[in-house]
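Excluded from the calculations below are hydrogen atoms, water molecules and symmetry mates; all remaining heavy atoms, backbone and side chain alike, are included. Since the model is a prediction, treat every value here as computed from it, not as a measurement. To find a chain, count down the sequence lines: A is the first, B the second, and so on, and within it residues start at 1.
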There are 2 protein chains.
Amino acid sequence: MMNKPHPKKIKPVESRDRIIQAAVMLFARKGFAETGLRELAAAADVNLAMINYFFGSKKELLKGILDTFFSGYLDIAREKLAGPGDLQTRVGRFIRHVVDYFDCYQDYLLVTITELPHDDPEIIAHKANWARKMIGVIEKEICLPLARETGRKIPPTCIGPMLVSLIAARFLFAPVMEEVTGGAGSLELSAYAEMTTHVFLQGITGPDWKETRNQT
Amino acid sequence: MMNKPHPKKIKPVESRDRIIQAAVMLFARKGFAETGLRELAAAADVNLAMINYFFGSKKELLKGILDTFFSGYLDIAREKLAGPGDLQTRVGRFIRHVVDYFDCYQDYLLVTITELPHDDPEIIAHKANWARKMIGVIEKEICLPLARETGRKIPPTCIGPMLVSLIAARFLFAPVMEEVTGGAGSLELSAYAEMTTHVFLQGITGPDWKETRNQT
DNA sequence: AGAAATATTAAACAAACGTTTGATTTTGAA
DNA sequence: TTCAAAATCAAACGTTTGTTTAATATTTCT
């Protein structure tokens with residue numbers, strides 16, 4: 001008698017994954033609170049009760065989605081920001097990979113960003129935990145080298161948000177910009193990565209500040 | 001008999017404004033959909049029915065808030081981006097004023113950004129209308145001069161989101177970063193405006209691109 | 001003062017919410 | 001085949017949702 005090709009739990013994955021897939025899509029387009037569990041169950045083609053069966057609650061489902069996105073983002077940071085090369089090289093390859101990552105996980109990104117400022121005490125701890133780790137990497141791999149080379153001290157709590165916002169801008173505004181332009185007119189992805197890298201690097205490593213200042 | 005100092009409708013303003021005030025605060029902290037009208041009425045210290053009496057519906061209330069924020073932002077753009085001075089001067093004073101504006105209307109900003117990607121058909125038209133006007137100003141005052149001076153053609157649908165995201169980063173991430181650092185460690189407001197201006201200007205007008213590129 | 005317009009109120013509406021329950025079906029190994 | 005665990009299901013749980021209604025209070029103007 002031949003043994004099964006899949007010895008252990010591969011079945012539940014189907015429904016579970018369909019739920020996550022549908023949830024990310026709906027949360028990104030309609031928002032977390034606007035999306036009802038019945039609507040989600042219908043989109044995932046599962047019974048309503050399956051959501052609480054697999055995830056316990058709606059909030060746990062959201063936390064799972066946030067964790068997936070944050071952990072991928074943090075992995076890229078640890079892998080690409082560290083490693084060989086000078087500041088420019090490392091930041092350059094980091095941004096290039098993050099742009100691809102954001103493009104690929106666009107809905108995850110939208111869910112994460114739109115839920116960012118909301119201060120549900122059950123959610124905010126999760127976000128802060130991930131942010132803390134990310135800030136640590138940025139401090140070590142960007143802020144310290146930058147201070148060593150140029151003497152400029154910019155706190156990582158400033159660099160971190162700036163960097164991610166800069167990269168995410170394209171995707172965050174995509175729905176609105178599509179409505180504005182009718183779909184056309186956006187930069188190609190690689191060109192966008194290139195431009196973002198240039199803006200950020202020139203911005204933090206370029207010639208001295210202060211000479212750009214003028215009156216009101 | 002002396003005539004009234006305020007001949008027309010100044011009374012309803014009290015309740016109406018308290019509702020808007022409470023709504024902006026709650027929408028920013030809890031999100032639009034998470035905020036119930038009864039909770040909002042309690043926070044504004046008005047009767048539940050007053051909200052629909054003044055605004056017609058919850059969505060109309062949100063639209064009003066978005067309109068207030070967008071129109072203020074567009075006013076600054078028209079006033080500061082146009083006017084005298086070269087590109088650097090104009091962008092510099094624009095960013096300085098926008099940073100103050102975002103700081104002053106922080107809750108309006110959070111509401112606007114977190115509701116940005118959600119594609120409620122009743123809301124998206126409003127956002128696109130404002131975005132269209134803003135894109136027009138940026139095209140005329142930034143993209144065209146930039147192309148004339150440096151030959152670089154960056155679409156306004158790319159510059160616009162990038163610029164606002166860069167400036168808004170500090171405020172969008174503020175709730176999370178406070179939890180991370182415990183409140184301390186953020187740049188002063190004027191220093192933040194200065195740095196943002198430098199990053200953006202160096203980024204789009206600085207030395208040639210392409211030399212920052214390296215391998216994976 | 002009286003009439004008209006505007007504000008405010010308590011109460012109720014149907015609909016939708018997230019969650020739970022208990023029974024039934026499907027599954028994987030003994 | 002048998003048995004226990006996992007998955008699926010329909011139905012109902014009690015709240016809460018946004019909105020409406022109709023009556024009352026207040027203001028405004030003639």
Side-chain angles (χ1 to χ4, degrees), chain A residues 1-24 26-27 29-65 111 115 118 120-123, chain B residues 1-24 26-27 29-65 111 115 118 120-123:
Chain A
M1 179 208 279
M2 65 182 303
N3 48 4
K4 316 285 164 53
H6 304 296
K8 258 190 178 179
K9 40 178 81 175
I10 50 107
K11 262 303 171 37
V13 151
E14 288 180 13
S15 297
R16 223 189 101 102
D17 279 5
R18 275 208 314 279
I19 292 175
I20 295 181
Q21 199 175 317
V24 172
L26 287 172
F27 291 174
R29 272 155 194 66
K30 314 195 36 173
F32 172 70
E34 282 96 336
T35 303
L37 288 188
R38 284 161 183 82
E39 182 185 13
L40 171 55
D45 196 31
V46 297
N47 187 277
L48 167 63
M50 298 306 294
I51 301 173
N52 284 290
Y53 174 73
F54 280 124
F55 299 96
S57 76
K58 196 188 177 190
K59 267 184 194 165
E60 288 297 323
L61 173 56
L62 174 63
K63 282 203 250 177
I65 291 173
V111 175
E115 294 302 324
H118 297 167
D120 186 309
E122 201 180 321
I123 305 288
Chain B
M1 180 211 277
M2 64 183 303
N3 49 2
K4 317 284 165 54
H6 303 296
K8 259 191 177 179
K9 43 178 81 173
I10 51 109
K11 263 303 172 35
V13 151
E14 287 179 12
S15 297
R16 223 190 102 102
D17 278 5
R18 276 209 313 281
I19 292 175
I20 295 181
Q21 200 175 317
V24 171
L26 287 172
F27 290 174
R29 271 157 194 65
K30 315 195 36 176
F32 172 70
E34 282 96 336
T35 303
L37 289 187
R38 283 159 184 82
E39 181 185 12
L40 171 56
D45 196 32
V46 298
N47 186 278
L48 167 64
M50 298 307 293
I51 302 172
N52 283 291
Y53 174 72
F54 281 124
F55 299 95
S57 77
K58 197 188 177 191
K59 269 184 193 164
E60 287 298 322
L61 173 56
L62 173 63
K63 282 204 251 177
I65 292 174
V111 175
E115 294 301 324
H118 298 166
D120 186 309
E122 202 180 321
I123 305 286

Take the protein atom CD of A:E34 and the nucleotide atom C1' of D:dT17, then report the distance between them rounded to whole Å.
13 Å
With salt bridge (charged side-chain N to carboxylate O under 4.0 Å, His left out) as the rule and sequence neighbours excluded, what pairs involving residues 39-62 of chain B come up?
B:K30-B:E39, B:K59-B:D120, B:K59-B:E122, B:E60-B:K63
Does the side chain of B:N47 get closer than 4.0 angstrom to OP1 or OP2 of C:dA7 through an N or O atom?
no
Just the rounded figure in Å: distance from C1' of D:dT17 to CG of B:L40.
13 Å
Distance col, row A:L40:CG vs A:R18:CZ, nearest 0.5 angstrom, shows 11.5 Å
Nearest heavy atoms of B:A23 and B:I65, plus distance in Å
CB-CD1, 4.0 Å
Which whole-number value in Å describes the distance from A:R16 CZ to D:dT8 C1'?
16 Å
Contacts of type side-chain contact (heavy atoms from CB on, under 4.5 Å), residue A:A43, not counting sequence neighbours:
A:A22, A:L26
Could you run down the sub-3.5 Å N/O contacts of the protein with nucleotides 19-22 of chain C?
from   : atom 1 : to    : atom 2 : distance (Å)
C:dT19 : OP2    : A:N52 : OD1    : 3.2
C:dT19 : OP2    : A:K58 : N      : 3.0

Provide, to the nearest angstrom, the distance between the CZ atom belonging to A:F54 and the C1' atom belonging to D:dC9.
13 Å
Any idea which heavy atoms bring A:V46 and A:S15 closest together, and the distance?
CG1-CB, 4.0 Å
Distance, rounded to the nearest Å, where A:E39 contributes CD and C:dG18 contributes P
10 Å
Tell me: CG of B:L26 to P of D:dT17, nearest whole Å?
12 Å
In whole angstrom, what separates A:E14's CD from C:dT26's C1'?
13 Å
Would A:I19 and A:M50 count as a side-chain contact (heavy atoms from CB on, under 4.5 Å) if you check the C-alpha gap in whole Å, the side-chain angles of each, and the deciding distance to 0.1 Å?
CA-CA 9 Å; A:I19 292 175; A:M50 298 306 294; 4.3 Å; yes
To the nearest angstrom, how far is B:I51 atom CD1 from D:dT19 atom P?
10 Å
